[in-house]
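Have a look at the structure below before the remarks.
Since this is a predicted model, take the numbers as computed values, not measurements. Every chain is numbered from 1 and lettered A, B, ... according to where its sequence line falls, protein lines coming before strand lines.
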Amino acid sequence: MSADNEITPQSQDFSAWYNDVVQHAELADHSPVRGCMVIRPYAYRIWELMRDALDEQFKHTGHENAYFPLFMPQESLDREAEHVEGFSPETAMVTEAGGSELEEPLAVRPTSEAVIWPIVADWIQSYRDLPVKLNQWANVVRWEMRTRPFLRTTEFLWQEGHTAHATAEEAEEEARTMLGVYRDFMEDWMAMPVVTGLKTDAERFAGAERTYACEAMMKDDKALQAGTSHFLGQNFAKAFDVRFQSEEGEHEYVHNTSWGVSTRLIGGLIMSHGDDQGLVLPPKLAPHQVVIVPIWSDAEEKDLVMTVAQRVNRVLSRSVRVHVDDREHVSPGAKFYEWERKGVPLRIEVGPKEVSSQELVTVRRYAPEGRERKRTYGEGKAIAMVPQVLEEIQDDLLQAAEERREERSVRGMEDYDEFRQHIGEKRGFVYSGWCGDGECEEKAREESKGTIRVIPDPEFRSEDAPSTCLVCGDEATEEVLWAQAY
RNA sequence: CGGGGCGUAGCGCAGUCAGGUAGCGCACCAGCUUUGGGAGCUGGGGGUCCCCGGUUCAAAUCCGGGCGCCCCGACCA
């Protein structure tokens, strides 16, 4: 009676598990072009929910959406020295179009600083035109060596915020604010706790003064960089001549920021909560928050059961996203497995038994120890409780992820050899001191599997500040977070 | 780009060593019986066997060349 579980267990091969979930939860499909991916409707709906939530926050913090072109002259990309050095190896170029070779090659945006600022420069004359706070929802292309669905694809969807300010302080505040927006979204909507902080020079965005990031721990104890926010200083303003006349009449360069999150977040969602049965979705981002599975054995039963199912559906639809799975020739058991594989947070079963007892069976996709997964309530109570149950599931997921992360974090590590072994075998997060020297960072990168993910923000730092550098043993100037990275 | 593996139905594979009608499981379609944790039976549809060339009466199979994909590494906001 039982079909083989087509999903590889996480403990056996996490990477195979991930690919199986992507495939069997119908999230993505392959493309004939290497590294490109089809986002299937179920995953696209998750992306829409993410997009809507983020977009509202962007507007709330004073940003306007716009859309800039996919192509730019190659020359634009070349203008900021560090930017071009960082991005040109992975930039796709169009050299031929319309049946003939182009006089100047066109670059397909890997990010849009070099598309936006040459144009927006002309929108800014005076300090009164500032700040400019733009966002765009777009696709970008980066020719990566090695790709994985959602986590790193040749083309991906994202949002990129681009702002210009009169002062460095204001731009810095903007970069920090948006990092906070990301963090709140990841915790409140994705139930994915993150450590925020500053990137080291080695990991900084090409062309930025400072890069801030959100780092999340996946279920295989590796770190995923889930979002970044950059204080760009005046590097791009100088490269693209973005100036304004100040109140004092001086011509000054603006101070910029940029910040982005991508469809990589869907990968983060999968690896934060998924289990051997498949995807587990936090209710706030679930395309179907509740699925109703009617159970019948003949036409008469079907009528009775469907009457109740539709009634429950009508009432619930007012407050939650609910789906009635009334497919004829799929057995209830098969439906249960399918919706579990797809991560639907709550299932309601209605069969002849429930019809006669005026009850409903509710089953949670995720329930921590000590909480019942399956419960039967009177119809009215079951319906009334749904919003609360969904909130509980949302909270349970965040709490479980937080607990996992803390269990898998080690603070105050001082022995370099212990570190190398720990980060290679046990993975997880390791907090240590660092002297601030890029050579120590590079040495550890070469000799261990770990890299510095961030210099954590104050609230994530250890109570006792580490005093020595993990690598060289000299005096520490910073506390840093190490992990194996995706 | 280095090391390894693989290209046969939508998916997973056998067949290749030893040339001779294109197969299996799942999925799909039809009908009947089913439906409380992945239904059963019967019937059916679906193929440039990655591509090009060669050998041969005959090539998925042998030979030569090419292309693509996957894994490990290098690379990577």
Side-chain angles (χ1 to χ4, degrees), chain A residues 1-8 13 15-16 19-20 23-24 26 29-36 82-83 85-91 110-111 113 140 142-149 151-154 156 158 160 198-208 210-215 223-230 232 258-262 264 277-278 293-299 301-302 305 325-341 347-357 359-361 363 373-374 376 445-446 449 451-454 485-486:
Chain A
M1 280 297 172
S2 71
D4 297 323
N5 189 353
E6 59 278 273
I7 297 174
T8 308
D13 182 345
S15 179
N19 288 330
D20 287 347
Q23 197 70 34
H24 292 109
E26 298 181 353
D29 207 347
H30 296 110
S31 140
V33 178
R34 195 188 87 87
C36 291
E82 206 178 293
H83 193 59
E85 194 189 324
F87 279 105
S88 65
E90 55 189 74
T91 300
T111 176
E113 281 80 0
V140 287
R142 296 180 187 180
W143 222 260
E144 303 283 1
M145 304 285 258
R146 202 174 151 89
T147 60
R148 298 196 61 191
L151 299 172
R152 183 176 295 107
T153 49
T154 301
F156 57 93
W158 75 345
E160 44 181 329
L198 180 67
K199 284 286 185 185
T200 63
D201 287 353
E203 300 266 333
R204 215 179 54 226
F205 174 78
R210 281 193 287 278
T211 289
Y212 299 101
C214 299
E215 295 282 333
L224 182 74
Q225 178 174 299
T228 48
S229 183
H230 317 290
L232 302 174
S258 68
W259 27 276
V261 294
S262 71
R264 169 181 271 196
Q277 275 61 252
V293 178
I295 299 158
W296 63 78
S297 50
D298 56 42
E301 274 184 7
K302 185 186 172 189
V305 163
D325 187 354
D326 60 356
R327 285 175 296 174
E328 283 281 353
H329 296 292
V330 181
S331 71
K335 290 176 183 175
F336 298 162
Y337 279 103
E338 179 175 338
W339 294 117
E340 279 169 11
R341 195 161 58 236
R347 175 173 84 235
I348 294 180
E349 303 172 11
V350 196
K353 277 189 268 177
E354 287 71 42
V355 171
S356 59
S357 65
E359 291 179 316
L360 296 173
V361 175
V363 186
R373 199 173 82 93
K374 190 167 182 171
T376 304
R445 171 199 278 276
E446 282 175 11
K449 291 203 163 182
T451 50
I452 298 178
R453 302 321 305 150
V454 282
Y486 265 95

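- Taking a centre distance below 5.5 Å and an interplanar angle below 30 degrees as the stacking criterion, A:F336 does not stack against the six-membered base ring of B:G37.
- Taking atom P in both B:G5 and B:C41, the straight-line distance is 40 Å, to the nearest Å.
- Comparing the P positions of B:U8 and B:A60 gives a spacing of 15 Å, expressed to the nearest Å.
- In the displayed structure, A:R327 atom CZ is contacted under 6.0 Å by more than 12 heavy atoms of other residues, nucleotides or ligands.
- A residue-by-residue look at A:S297 and A:E90 shows that A:S297 has its nearest nucleotide of RNA chain B further toward the 5' end.
- When ring centroids are compared, A:F205 and A:F87 come within the 6.0 Å threshold.
- Nucleotide B:A39 has B:U33 as its partner under the Watson-Crick or G-U criteria, with both atom distances under 3.5 Å.
- Annotation: B:A59 and B:C69 have their C1' atoms spaced 24 Å apart (nearest Å).
- A distance of about 15 Å separates the P atoms of B:U61 and B:G15, rounded to the whole Å.
- Comparing A:R453 and A:Q23, the nucleotide of RNA chain B nearest to each residue sits closer to the 5' end for A:Q23.
- Rounded to the nearest Å, the gap between the C1' atom of B:A77 and that of B:G4 is 31 Å.
- OP1 or OP2 of B:G38 has not a single side-chain nitrogen or oxygen of A:S331 nearer than 4.0 Å.
- The separation of B:A9 from B:U48, taken at their P atoms, amounts to 8 Å, rounded to a whole angstrom.
- Put simply, CZ on A:R327 is 15 Å from P on B:G38, counting in whole angstrom units.
- Here A:R347 lies in heavy-atom contact (under 4.0 Å) with a base.
- Comparing B:A22 with B:U16, their P atoms are spaced 15 Å from each other, to the whole Å.
- Heavy atoms of A:Y212 sit nowhere under 4.0 angstrom from any nucleic acid atom.
- Annotation: B:G40 and B:A58 have their C1' atoms spaced 43 Å apart (nearest Å).
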